[in-house]
Amino acid sequence: MTRASMETEPLVSRGTDATTNDRQDSLSWWKRQSPWWALTALPLLSSTVAIVVAPKIEVYTALACIAHKPEVFEEHLTGGLLSIMGPAMRYVAAGALPQICATDPEVRRIVAKLSAAEVTTLGILSCLTTGWWASLSDRTGRRTLFFVSTFGMLCANVVYILVSKFWTSLPGGYWWILLGPLIEGSFGGFPASTVAFNSYVGDTTPESSRTLAINFGLLFAGYSCGPIIGDFATRHTGRVISVFYIAVVLQAIFILYTRFIMVEPLSEEKQHQARDNWKLHHEEARQNSQNQGWFSYVLNPLFSVFRPLTALKPTVNGHLDPLRKPKRDWSLLLAAISFGTLFIISGDVPFKFQYAAATFGWTAKENGYWLSLSSAARGLYLTAILPLIIKIFRPPTVEIEIQVPSDTEPSGFKTVKQKLESPTFDLRLARISILIEATSYVAMLVFPTPLTLYILGLMSTCGAGFPPAVQSVILSLYIQDGGQEIGKVFGALGVIQTLCAQIVSPMLYGFIYVATVTVFPLSIFATSLTAILSSALILWFVRMPSHDEVIAKHSGVPSPSPLSDSEADGDSSEANRVAPRGAGDLGPPLL
């Protein structure tokens, strides 16, 4: 596959050539590559994650209460119990625990330990394995990543079911429940599934019709539906554990869908090329290990887990003016850091609930209403409103004529038409979105009322366009540098997201909330605002080539005089890459 062929087909899947596109057009619709094969199944999988969030806490509470406060259940046994969840795990009425279990200090301490152990185990293992599994999907196909990550989540739910039934017969008791996150994290967990969805969309969608916003919208749609399904199941079965059975069934359906219905987006040629690249890197690493001795044999397996992060390394920029000195371009790395910094606020949700309960007297019911409203609003915004905004305000494509090498023309070149997209639109969208997010937290700090908290949930919805927009920016920068392993770059983002959201965030918010809860309970909102502003500041230094410079680069027209940063509004005058990530003399394909 030549670089020229990629440049002449910008409106199809990245990296495909005309022959591949003709082959796709000749296939039946159920065999064609399309992002909708993944997007339509996204709410199904995300709902299986949200459906077990609250029941996990109830399972932990029941295990701790039965083990350390058995007299509580003995008292309720005399009053009659209506539901059973494993040996001795009896719930009052429709699966509801005695209130004393949720308020007892010793039980709460044990539940906090179990929750912290689960989050830490899952977060660390997902951080270590997500990038590796994502890189593997470049070589074996995206469906492999879907299968592996979902299988891990399914096994974790099976562990919850088995431990809740037989924990009294197991050495170590209820601590065996941590086997679930151990297995799930080893297979990447839901972060790896998110990487698979994003990579699938990146493989099958050009920038002119990119659907990452819809991706996030459908994700939140599943989140909002999960708790509703779980509540319905609990009320009609009287057993909280029934929610885990539903999750297992839905995840098994998803696995069968990816195996027998979903179309693989990566062609055999792409997978073969990725395998060749991996073998080359592996051989270089082996030779370096031989030169460096036994010490490298110990560290190389660990470093290989973080290999996808090399997709984000700075590149060397050159200019159309050869007299100007080349310099490193940090935009790709800065955009990834900005992306991860924002995900630090992922850990503030449970502390928002604690703040609302202590300050406004909210119960689980009010917190549930707030969470459902916020998730539903985000899903609506990302699936309907944001795509409409993008359609209205995205600059129109410009069609130009360029000359590319040809073996059939006597002159050795042929003239083809190419449509060029504005590379800075997504960058501006990301900056606007994150500023809206910051404004909502400022309002909460100034006016801490229940109404403001609801407004926070709704206003932050308008800031939900940041993750898909900045991911689009990162993907554009990566491919403009000649990158071809899309799964690798999304794997790197998955590692960063998991590290920030599931490891750094819980520890940071837990430490700050405990230290300041008696003197400044609003500290969680101040911490989130600091993270948001830091992300916005980092994103401000990201630079992309302007629309005119991209046209000049691809058409051979001299580039206009570079503008200052303020005049260009984030557009960079450094369009010509001297050291692209891929091979070839021509520039990389423009998305």
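Just so we're clear, the structure is a prediction, and the values are computed from it rather than from any experiment.
- The main-chain N or O of Leu42 is found under 3.5 Å from a side-chain atom of Ser46 such that the two form a donor-acceptor pair.
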- Decide side-chain contact (heavy atoms from CB on, under 4.5 Å) for Trp330 and Leu333; before the verdict, give the C-alpha distance in whole Å, the side-chain angles of both, and the deciding distance to 0.1 Å. CA-CA 5 Å; Trp330 296 84; Leu333 179 60; 3.8 Å; yes

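- Side-chain N or O atoms of His272 include none that pairs as donor or acceptor with a backbone N or O of Glu268 at under 3.5 Å.
- Residues Ser242 and Thr237 bring a donor and an acceptor atom of their side chains to less than 3.5 Å of each other.
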- Using the side-chain contact (heavy atoms from CB on, under 4.5 Å) rule, take Gln471 and Phe339 through it: C-alpha gap first, then chi angles, then the decisive distance, then the call. CA-CA 8 Å; Gln471 285 194 11; Phe339 172 80; 3.2 Å; yes

- Where do Val542 and Leu427 land on the side-chain contact (heavy atoms from CB on, under 4.5 Å) test, with the steps shown first? CA-CA 8 Å; Val542 174; Leu427 180 59; 4.1 Å; yes

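- A donor-acceptor contact closer than 3.5 angstrom is absent between the side chains of Ser535 and Thr341.
- Residue Met262 comes nearest to Ala38 through the heavy atom pair CE-CA, 3.9 Å, listed as atom of the first residue, atom of the second, then distance.
- In this structure a side-chain-to-backbone donor-acceptor pair under 3.5 Å is missing from Glu184 to Ala156.
- In terms of heavy-atom proximity, Ala430 sits nearest to Phe466 at O-CD1, 3.4 Å.
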- Going through the distances and angles, do Asp426 and Arg394 end up as a salt bridge (charged side-chain N to carboxylate O under 4.0 Å, His left out)? CA-CA 9 Å; Asp426 289 324; Arg394 181 186 288 276; 3.6 Å; yes

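- In this structure, Arg275 places its CZ atom where more than 12 heavy-atom neighbours from other residues, nucleotides or ligands lie under 6.0 Å away.
- The CD1 atom of Ile345 sits 8.0 Å away from atom OG of Ser460, with the distance rounded to the nearest 0.5 Å.
- Of the possible polar contacts, one joining the Glu264 side chain to the Arg143 backbone as a donor-acceptor pair under 3.5 Å is found.
- Using a 4.5 Å heavy-atom cutoff, the side chains of Val248 and Val158 are in contact.
- Each of Val489, Leu312, Val473 was evaluated against Tyr478; a single residue qualifies, Val489, per the side chain to side chain contact (heavy atoms under 4.5 Å, CB included) test.
- Counting heavy atoms from C-beta outward, Leu45 and Phe190 have side chains that approach closer than 4.5 Å.
- For the pairing with Ile229, the side chain to side chain contact (heavy atoms under 4.5 Å, CB included) check across Thr48, Ile51, Val243 returns one residue only, Ile51.
- Put simply, the residue from Asp138, Thr140, Thr144 that forms a side chain to side chain donor-acceptor pair (under 3.5 Å) with Arg142 is Asp138.
- Considering OG of Ser186 and CG of Leu122, their distance stands at 9.5 Å, rounded to 0.5 Å.
- Between the side chain of Ser47 and the main chain of Leu44, a donor-acceptor pair closer than 3.5 Å is present.
- Annotation: the span from Leu162 atom CG to Ile177 atom CD1 amounts to 10.0 Å, rounded to 0.5 Å.
- Heavy atoms from other residues, nucleotides or ligands lying under 6.0 Å from OH of Tyr257 number more than 12.
- From Thr121, atom OG1 reaches atom CD1 of Ile503 across 10.0 Å, with rounding to the nearest 0.5 Å.
- The aromatic rings of Phe187 and Trp133 sit parallel, their planes meeting at an angle under 30°, below the 60° perpendicular limit.
- Nearest heavy atoms, Ala335 versus Val470: O-CG2, 3.9 Å.
- In terms of heavy atoms, Gly222 sits closest to Ala50 at O-CB, 4.4 Å.
- No side-chain heavy atom of Asp329 sits under 4.5 Å from any side-chain heavy atom of Pro314.
- Checked by atom type and distance alone, the side chain of Thr258 pairs as donor or acceptor with a backbone atom of Ile255 at under 3.5 Å.
- By the 4.5 Å heavy-atom criterion applied to side chains, Leu386 and Leu429 are counted as neighbours.
- Asn157 contributes atom CG, which lies 11.0 Å from atom CD1 of Ile183 (distance to the nearest 0.5 angstrom).
- Note that the OG atom of Ser224 and the CG atom of Leu219 stand 10.0 Å from one another [nearest 0.5 Å].
- Between the side chain of Gln251 and the main chain of Leu154, a donor-acceptor pair closer than 3.5 Å is present.
- In this structure the side chain of Leu145 never reaches within 4.5 angstrom of the side chain of Leu136, judged on heavy atoms.
- Using a 4.5 Å cut-off on side-chain heavy atoms (C-beta onward), Ile496 and Cys500 make contact.
- Phe254 and Phe197 have tilted rings, their planes meeting at an angle from 30° to 60° on a 0 to 90° scale.
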- Passes side-chain contact (heavy atoms from CB on, under 4.5 Å), Leu179 versus Leu182? Steps please. CA-CA 5 Å; Leu179 180 63; Leu182 183 66; 4.1 Å; yes

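- Judged by distance alone, with hydrogens and angles left aside, the side-chain atoms of Ser126 form no donor-acceptor pair with the main-chain N or O of Gly123 at under 3.5 Å.
- Of the possible donor and acceptor atoms, one in the side chain of Thr129 sits under 3.5 Å from a partner among the backbone N and O of Gly185.
- Among all heavy-atom pairs drawn from Thr204 and Ser34, the shortest one is OG1-C, 3.8 Å.
- Between Leu493 and Gln497, the closest side-chain pair of non-hydrogen atoms is not below 4.5 Å.
- The two residues Ile532 and Glu437 come nearest to each other via the heavy atoms CD1-CG, 3.4 Å.
- Side chain of Ser331 to main chain of Arg543: a donor-acceptor pair is present (N/O by atom type, distance under 3.5 Å, no hydrogens or angles).
- In this structure, the side chain to side chain contact (heavy atoms under 4.5 Å, CB included) partners of Phe220, at least two apart in sequence or on a different chain, are Tyr223, Arg378, Leu382.
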